[in-house]
There are 2 protein chains.
Amino acid sequence: MTAVDAPPRKRKRAPSKRSLETRARILDAAERLFAQNGFEGASMRDIAAEAGVPVALVNFHGGAKEALFATVVARRADVLAQHRLQALDAARASGAPLDLAVLLGCFIRPYLALAASGEPQWTAYARLIAHVSADERWRPISERCFDPTAAVFVEELSGLFPGQDTQRLAAAFVFSISAMLSLATSRWRIEAMAGASGQPAEADAWADFLIGFCEGGFRSALGA
Amino acid sequence: MTAVDAPPRKRKRAPSKRSLETRARILDAAERLFAQNGFEGASMRDIAAEAGVPVALVNFHGGAKEALFATVVARRADVLAQHRLQALDAARASGAPLDLAVLLGCFIRPYLALAASGEPQWTAYARLIAHVSADERWRPISERCFDPTAAVFVEELSGLFPGQDTQRLAAAFVFSISAMLSLATSRWRIEAMAGASGQPAEADAWADFLIGFCEGGFRSALGA
DNA sequence: GTCTATATGTAGATAGAC
DNA sequence: GTCTATCTACATATAGAC
């Protein structure tokens, strides 16, 4: 919903229905392959094949490869930011105190909910973010897509720990985000470590568990 | 120290001194570029240029690109595993109880110590691991290089939380690992979020802070 | 808007002289 | 062990017909 959203250039009039579908198929395909193989690991040809269109159409709708990547990341980032801020507004409106668990929940739950009960693309998205975070080259994307929302939450959190060093607070928040992403990207690793034991475990239980972990982390590191 | 360690094939006799230096320069260069740009983002040509040798030598000493990548990851993984297991042995020998903070410290401190007071390559290594973790294709590398040590620590930790679901325990451990990696790879993000405020903060303080966070997370999520 | 054909660069890998 | 030269494949991107 922010900037990067126009197909080729300045749209003169409404694009055709077919055009929009083609564009969506291309972005979906790009998202899958970028998440799976990273930026260089996914070629424009792969993306075209995955979308079932000729290569030239990928360039036409997505622009150059880097722009396509940025568009793909921004598309879901905007949806996610919206959900998180709405959850925060709802929590504020409810009148209940904005305590640590509630704040962390407003940030963490929207993503886990989308990943669990929605399309599988949202699970892949965590892997995409992991690629973005692991690669310094994409730092501008992080700053544009994720930092504004993060700033809102850090601001709220700092109200709960008055006088605490902001850098420590931000660090605890970054730890929490990375734990959240690892839950999405490394479930296989968790299951491998646990071996045969352990129940299947449903999505809600995982969310509560993760939030409990982060909450305890905050309190322990920053003081109750 | 494990398997992947032979230069070209089966070494017939001792390699020359110059050969070893060349090989080391190539591996160092590959490590830097793989960490910075990922597997596909770093070309064999880039690596050769960084090492100051012709391309053919990279193939000669490192083998095919995938083998080179695996070698680079394994090399430091082995050193790291050794430090961690030594720290664990030392803690056991000290007679003091192996409580949560000590165990987490044995896993976390060796890496942070290497990253802080050693070569800058160790900081880059966290980014390399982030790439490995973000990409399912490298799962075999994770299993071979990291899982054995992780299993030892999960086993120890499970002794502190008797009767707890192993999967939850493994999850808390994975959260801790990802927080540790994020401290290395995303310090810039933490500082950006904190804005102007916040002291510089030294390495030891960060280690204590991180371990405090993870300890609180474990206790809160799994029960004291 | 869509597709075929192609221009231009760079990738990984190796052959073979030294 | 080292290096030059080169093979082959595939990358991104676009021109131009429909």
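All heavy atoms count here, side chains included; hydrogens, waters and symmetry mates do not. Chain naming here is simple, since letters A, B, ... match the order of the sequence lines and numbering starts at 1 in each. Everything numeric in this text was worked out from a predicted model, so none of it was measured.
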So which protein N/O to nucleotides 2-6 of chain C N/O distances come out below 3.5 Å?
| unit_1 | atom_1 | unit_2 | atom_2 | d |
| --- | --- | --- | --- | --- |
| dT2(C) | OP1 | Thr22(A) | OG1 | 3.1 |
| dT2(C) | OP2 | His61(A) | NE2 | 2.7 |

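Summarising the geometry, the separation between NZ on Lys17(A) and P on dG1(C) is reported as 14 Å, rounded to the nearest angstrom. Separating the CG atom of Leu20(A) from the P atom of dG1(C) is a distance of 8 Å, rounded to the nearest angstrom. Asn59(B) places its CG atom 13 Å from the P atom of dA11(C), with the value rounded to the nearest Å. In this structure, the CD atom of Glu21(A) is 12 Å from the P atom of dG1(C), given to the nearest Å. For the pair Met44(A) CE and dT8(C) P, the computed distance is 19 Å after rounding to whole Å. Between the CG atom of Leu68(B) and the P atom of dT14(C) there is a distance of 14 Å, rounded to whole Å. Computed from coordinates, the Lys65(A) NZ to dG9(C) P distance equals 18 Å when rounded to whole Å. As a whole-Å value, the separation of Ile47(B) CD1 from dA13(C) C1' is 13 Å.
Here Cys106(A) contributes atom SG and Leu85(A) contributes atom CG; the two are 9.5 Å apart, rounded to the nearest 0.5 Å.
Residues Phe39(B) and Lys65(B) have side chains in contact (heavy-atom distance under 4.5 Å, counting atoms from C-beta outward).
Between Arg137(B) and Glu40(B), at least one side-chain N (NZ, or NE/NH1/NH2) sits under 4.0 Å from a carboxylate O, which counts as a salt bridge.
Note on ring orientation: taking the six-membered ring where Trp is involved, the planes of Phe209(A) and Phe175(B) are tilted (angle from 30° to 60°). Aromatic ring pairs are classed by plane angle as parallel below 30°, tilted from 30° to 60° and perpendicular above 60°; the pair Phe173(B) and Phe153(B) is parallel.
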*Asp28(A) and Arg25(A): salt bridge (charged side-chain N to carboxylate O under 4.0 Å, His left out), yes or no, with the steps?*
CA-CA 5 Å; Asp28(A) 287 345; Arg25(A) 274 219 317 285; over 6 Å; no
